[in-house]
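Notes to accompany the following structure.
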Amino acid sequence: MWTDRILGDHIATLPGFAFPSEYFNDIGEGLPLIRIRDIASTETEVYYSGPFSPAFLVSRGDILVGMDGEFNLKRWRGDAALLNQRVLKVFAKPGGDIDLGFAHYWLTPFLKKVEAATAATTVKHLSSKDVERAVVRSPSKDLQRKIVLVLGALDSLIETTEALIAKQERVRAGLMQDLFTRGVDEHDQLRPPPEEAPHLYHQTELGWLPKDWEAPLLDGVANRVSGHTPNRLKPAYWNGGVKWVSLADSNRLDRPFIFETTHEISSLGIENSSARLHPAGTVFVSRDAGVGKSAIMAVPMAVSQHFIGWICGENLNNLFLYYFLQANKKMFENIATGSTIVTIGLDFFRKMRIARPIDIAEQSKIATILKLADDRLEDEKTSLRKLRLLKAGLMQDLLTGKVSVAPLLEGVSEGVAA
């Protein structure tokens with residue numbers, strides 16, 4: 001039977017302490033100090049080596065809630081640490097009828113509702129009373145623990161997938177670094193590095209590259225194009241079926257191909273502005289507000305003035321160019337300037353060089369290797385999205401009693417046995 005319980009009767013809370021900064025250090029002396037920014041991590045940047053009350057110790061498994069901003073919640077996975085101010089520790093009371101794990105899952109949607117309903121001028125603030133006075137509709141403690149077991153198994157899958165994605169992203173970054181400095185030989189293997197085989201390399205405007213590579217101006221091997229925004233006060237210039245890439249499409253970038261856009265313009269809009277329809281295969285990059293994000297047009301599209309693009313000639317593989325831009329994304333971010341919106345001036349792109357094999361076949365091999373790595377990474381990201389959706393749905397069902405936990409628990413048991 002499900003019963004209404006006041007959370008504070010079964011679960012205790014403790015706001016953190018304002019530890020004196022003269023005892024702070026970043027060299028690992030003392031205990032880690034958990035600040036709001038550290039809730040989502042098991043690592044902290046600041047340590048505390050001064051006196052403290054044991055009440056402010058945080059142990060593995062304690063629930064932590066950020067009391068400012070978005071009221072983020074995390075179950076601490078690190079070792080012993082100290083609770084800084086504006087972080088709330090939530091822990092079990094002896095003999096309470098609410099399992100701490102159940103409280104953790106129940107608080108996740110509850111805090112979102114509190115945050116949405118909390119007024120703020122600049123930063124929203126949470127009170128410990130908001131948590132303590134909450135009314136929790138919950139089943140027996142035994143059933144609560146079974147619900148936690150099912151959701152915990154799903155969390156483990158999510159964490160494993162997140163770790164795999166992080167590893168694959170590191171591999172991708174290393175692979176790009178190697179491929180754009182060493183390339184692949186006739187046996188489709190990475191060339192040895194310059195320090196091991198200096199005779200295979202030569203000095204170029206972009207540093208040491210394989211002897212059969214060059215570093216020409218990008219404008220010399222591709223036709224640079226740009227974009228524009230038609231007059232928004234002219235309805236006839238808009239929604240006319242011409243896909244138009246704008247800053248609203250930032251979430252679609254940093255993938256090899258873009259197929260859809262948030263907004264469309266019309267042929268009339270193109271005729272009466274500096275916007276142009278670029279062919280499928282055009283590679284483009286954001287020059288401000290999301291600097292360095294890039295993609296390839298899967299179909300003919302126009303772009304706003306926030307983007308620069310290139311139509312590749314016969315000596316430049318467009319997928320190779322896309323990955324070259326991806327490999328240099330940090331460079332784009334570092335050179336962008338501006339007080340409100342950072343941007344990269346056109347002069348930079350006029351002088352921009354590309355490191356590329358003269359042999360188009362090697363360009364294609366490099367692009368294919370990186371595309372396969374991206375495909376594997378995207379598969380894992382898709383799996384992660386599905387797992388998160390599944391968890392959200394299960395939480396809604398299990399925490400309200402809409403779905404019985406018994407058959408799900410059997411599935412967890414079978415998974416553990418396998």
Side-chain angles (χ1 to χ4, degrees), residues 1-18 34-41 55-56 58 61-77 83-93 96-141 143-145 147-148 150-152 154-155 158 162 248 250-251 262 384-403 405:
M1 184 175 69
W2 290 64
T3 305
D4 286 343
R5 298 179 172 93
I6 297 174
L7 187 60
D9 291 343
H10 306 271
I11 297 293
T13 65
L14 178 71
F17 181 73
I34 304 173
R35 299 167 296 170
I36 287 181
R37 71 185 69 177
D38 303 316
I39 291 178
S41 173
F56 296 104
V58 174
D62 285 343
I63 298 171
L64 305 178
V65 181
M67 300 180 73
D68 296 331
E70 298 179 353
F71 309 156
N72 290 321
L73 176 146
K74 184 76 172 183
R75 197 151 191 193
W76 185 246
R77 301 298 184 190
L83 192 70
N84 197 32
Q85 62 181 335
R86 307 308 300 161
V87 178
L88 185 70
K89 180 170 76 168
V90 180
F91 53 101
K93 280 185 176 179
D97 289 328
I98 296 181
D99 178 78
L100 189 61
F102 185 87
H104 167 245
Y105 287 115
W106 185 88
L107 281 169
T108 301
F110 171 77
L111 288 171
K112 285 185 177 15
K113 292 177 182 177
V114 174
E115 191 271 335
T118 302
T121 52
T122 53
V123 178
K124 295 184 177 183
H125 302 291
L126 178 74
S127 166
S128 59
K129 298 299 182 184
D130 293 323
V131 176
E132 294 171 359
R133 293 170 180 168
V135 177
V136 182
R137 188 166 184 78
S138 56
S140 68
K141 203 166 186 180
L143 186 54
Q144 291 177 40
R145 287 169 176 161
I147 291 171
V148 170
V150 171
L151 294 176
L154 198 50
D155 269 341
I158 289 173
E162 288 173 337
S250 291
N251 63 328
T262 303
L384 181 59
R385 287 191 290 269
K386 290 179 179 178
L387 286 170
R388 286 173 172 166
L389 285 172
L390 177 60
K391 179 187 172 183
L394 273 179
M395 284 180 64
Q396 172 65 23
D397 291 340
L398 292 176
L399 296 177
T400 58
K402 291 180 180 178
V403 170
V405 72

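Side chains of L126 and L111 form a contact here, defined as non-hydrogen atoms less than 4.5 Å apart. In this structure, the side chains of Q85 and M67 stay at 4.5 Å or more apart for every pair of heavy atoms. At a threshold of 4.5 Å between non-hydrogen side-chain atoms, the residues L73 and H104 count as touching. Using a 4.5 Å cut-off on side-chain heavy atoms (C-beta onward), I11 and V131 make no contact.
Across L88, V114, I36, a single residue satisfies side-chain contact (heavy atoms from CB on, under 4.5 Å) together with F71, and that is V114. Of the residues V65, V87, I39, the one that meets the side-chain contact (heavy atoms from CB on, under 4.5 Å) test with K74 is I39.
For the pair L7 and A103, the tightest heavy-atom approach, listed with the atom from each and the gap, is CD1-CB, 4.5 Å. The nearest pair of heavy atoms linking L398 to I147 is O-CD1, 3.5 Å. What you find for G61 and R75 is that their closest heavy atoms are O-NE, 2.6 Å. G101 and V148 make their closest contact through C-CG2, 3.4 Å (heavy atoms, listed as atom of the first residue, atom of the second, distance). Smallest separation of non-hydrogen atoms from A134 and F110: CB-CZ, 3.5 Å. When every heavy atom of F56 is checked against every heavy atom of P15, the shortest pair comes out as CE2-O, 3.3 Å.
Salt-bridge formation is not detected for the pair E115/K112: no Lys NZ or Arg NE/NH1/NH2 atom is positioned less than 4.0 Å from an Asp or Glu carboxylate oxygen.
Heavy-atom contacts from other residues, nucleotides or ligands closer than 6.0 Å to CD1 of I6 number 12 or fewer. Open room surrounds NZ on K113; 12 or fewer heavy atoms of other groups in view lie less than 6.0 Å from it. Crowding of R133 atom CZ: a count of heavy atoms from other residues, nucleotides or ligands under 6.0 Å not exceeding 12.
Here the straight-line distance linking atom CG of D68 with atom NZ of K124 works out to 12.5 Å at 0.5 Å rounding. Atom NZ of K391 and atom CG of L151 lie 7.0 Å apart (nearest 0.5 Å). Distance CD1/I98 to CG/D9: 8.0 Å, rounded to 0.5 Å. For the atom pair CG of L394 and NZ of K402, the computed distance is 12.5 Å after rounding to the nearest 0.5 Å. In this structure, CG in L154 is found 8.0 Å from OH in Y105, a value given to the nearest 0.5 Å. Note: D62 CG to R77 CZ = 11.0 Å, rounded to the nearest 0.5 Å.
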Notebook entry, point to check: So L390 and K386, side-chain contact (heavy atoms from CB on, under 4.5 Å) or not? Walk me through it.
Noted result: CA-CA 6 Å; L390 177 60; K386 290 179 179 178; over 6 Å; no

Next item on the list: List the steps and the verdict of side-chain contact (heavy atoms from CB on, under 4.5 Å) for Q144 and D97.
Entry: CA-CA 10 Å; Q144 291 177 40; D97 289 328; 5.5 Å; no

Margin query: If you apply the rule side-chain contact (heavy atoms from CB on, under 4.5 Å), what do you find for L64 with L83, and how did you get there?
Written below: CA-CA 9 Å; L64 305 178; L83 192 70; 3.8 Å; yes

Check: What's the verdict on side-chain contact (heavy atoms from CB on, under 4.5 Å) for L384 and E162, showing C-alpha distance, side-chain angles and the deciding distance?
Finding: CA-CA 7 Å; L384 181 59; E162 288 173 337; 3.9 Å; yes

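Between F102 and W106, the distance from one ring center to the other does not fall under 6.0 angstrom.
No donor-acceptor pair closer than 3.5 Å links the side chain of R35 to the backbone N or O of N84. A distance-only check finds a donor-acceptor pair linking the side chain of K93 to the backbone of G8 [under 3.5 Å].
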